[in-house]
Amino acid sequence: MKNIILTGGGTAGHVTPNIALLPGLKERDYEVSYIGSYDGIEKKLIEEFGIPYYGISSGKLRRYFDLKNFTDPLKVIKGYSEAVKLMKQLKPDVLFSKGGFVTVPVVLAAKKCKVPIIIHESDMTPGLANRICTPAATKVCCNFPETLGHLPHGKAVLTGSPIRKELLQGNRQDAIDFCEFPEDRQTIMIIGGSMGAAAINKAVRDILPELLKDFNVVHICGKGKTEPDLNGLPGYAQFEYIKKELSDIFALSDLVISRAGANSICELLSLKKPNILIPLSRAASRGDQILNAHSFERQGFSAVLEEESLTSETLLSKIQEVYASRDSYIAKMSTGSQADPIHKILDLIEECAGK
Ligand SMILES: CC(=O)N[C@H]1[C@@H](OP(=O)(O)OP(=O)(O)OC[C@H]2O[C@@H](n3ccc(=O)[nH]c3=O)[C@H](O)[C@@H]2O)O[C@H](CO)[C@@H](O)[C@@H]1O
């Protein structure tokens, strides 16, 4: 039996690809442990899979001024020594890192303990944590062909992003029951990334009466971002975050409005869901979602609405436009090659673990 440590956290996008690998790792007889932060979203998401979870101290790597920039390096140093101890205790054959700031001390500890390291980058341009970790890595997996040019030759492998198999096995009727929709109508789903998106939530709420004339609306708002006044509105269901019912809600949805996080858009493509992407703006990020979204738009998989142009009017007209051409979006998404990211990554893991 081989021994693997998975790491990744900070937002769900740095955790769900690790979850997607769990069944395959089990089938291939790996003993799996997870290292994340003491109390990040990764802890809550991983706990229910019954694999040992080890929390370490972690600090955020910020690109802007914050007083925490002076204390967080100390937390990272503490996390590093905790991670070195875990490497010595767990003796993994390989480390798989999905990125996010918590992974930096883990990857550096694995390097010190001579554990082979595989990194996965979901976005088109590598994030800061992965850029710091790349020199220590044996291989760096990526999701977009464009990313290969940003990575060292010889390390970069185009694998795609692993998607949880169960997402493809949802049940429409279960979602209708779960959302308590009074009738089975066409459904619009809004999902603002793993943290929700206040600007999207506001634009959607402004046009809700209009949308509810024709559609059921299921709205995943993000933690603390639901609107109690809208509870009980017929045809409308809102949630903070959805775990196992997500597959059913996807099955029910005829049109999805989403942020352009790399995992979310790959899921939409696999599920062939006509979609409108509203990428996180450059003001709030390094602009990776904008690149993700425009790549999908160029390929005919998505329509894009930039946050700067987001108003209730532009959103409503985009919805009408994409809904009217939904069949042509589905046709485009059906022509993509059916790569198998999970298998490619599992094979790479076996190669690096010396199996
Ligand atoms: C603010 C931020 O840093 N965003 C980044 C983060 O986004 P974020 O964490 O939002 O990442 P993604 O959109 O890539 O993935 C979100 C994941 O959470 C799942 N999900 C979401 C909501 C929910 O209720 N239930 C659920 O299961 C989705 O199905 C998906 O698997 O990581 C992505 C991948 O590196 C980046 O592209 C994003 O720019």
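In listed order, ligands and their atoms are each counted from 1. Because only heavy atoms are used, hydrogens play no part in the values below, and waters and symmetry mates are left out as well, while side chains stay in. This is a predicted model, so every value here is computed, not measured.
- Of all heavy-atom pairs spanning Gly59 and Phe101, the tightest one is O-CD1, 3.2 Å.
- In this structure, Arg326 is not positioned above the aromatic face of Tyr329 in the sense of NZ or CZ being under 6.0 Å from the six-membered ring centre and within 45° of the axis.
- The aromatic rings of Phe301 and Phe296 sit perpendicular, their planes meeting at an angle over 60°, well past the 30° parallel limit.
- When hydrophobic clusters are built by joining Ile, Leu, Val, Met, Phe, Trp and Tyr residues whose side-chain heavy atoms come closer than 4.5 Å, directly or via intermediates, Tyr54 is not grouped with Leu6.
- One distance of note links CD1 of Ile200 with NE2 of His219; it measures 8.0 Å at 0.5 Å rounding.
- Ring centroid separation for the pair Phe96 and Tyr30 does not come in under the 6.0 Å cut-off.
- A distance limit of 4.0 angstrom between heavy atoms and ligand 1 selects the residues Thr11, Ala12, Gly13, His14, Thr16, Asp123, Arg164, Ile191, Gly193, Ser194, Ile220, Tyr241, Ile242, Leu246, Gly261, Ala262, Asn263, Ser264, Glu267, Leu280, Asp288, Gln289, Asn292.
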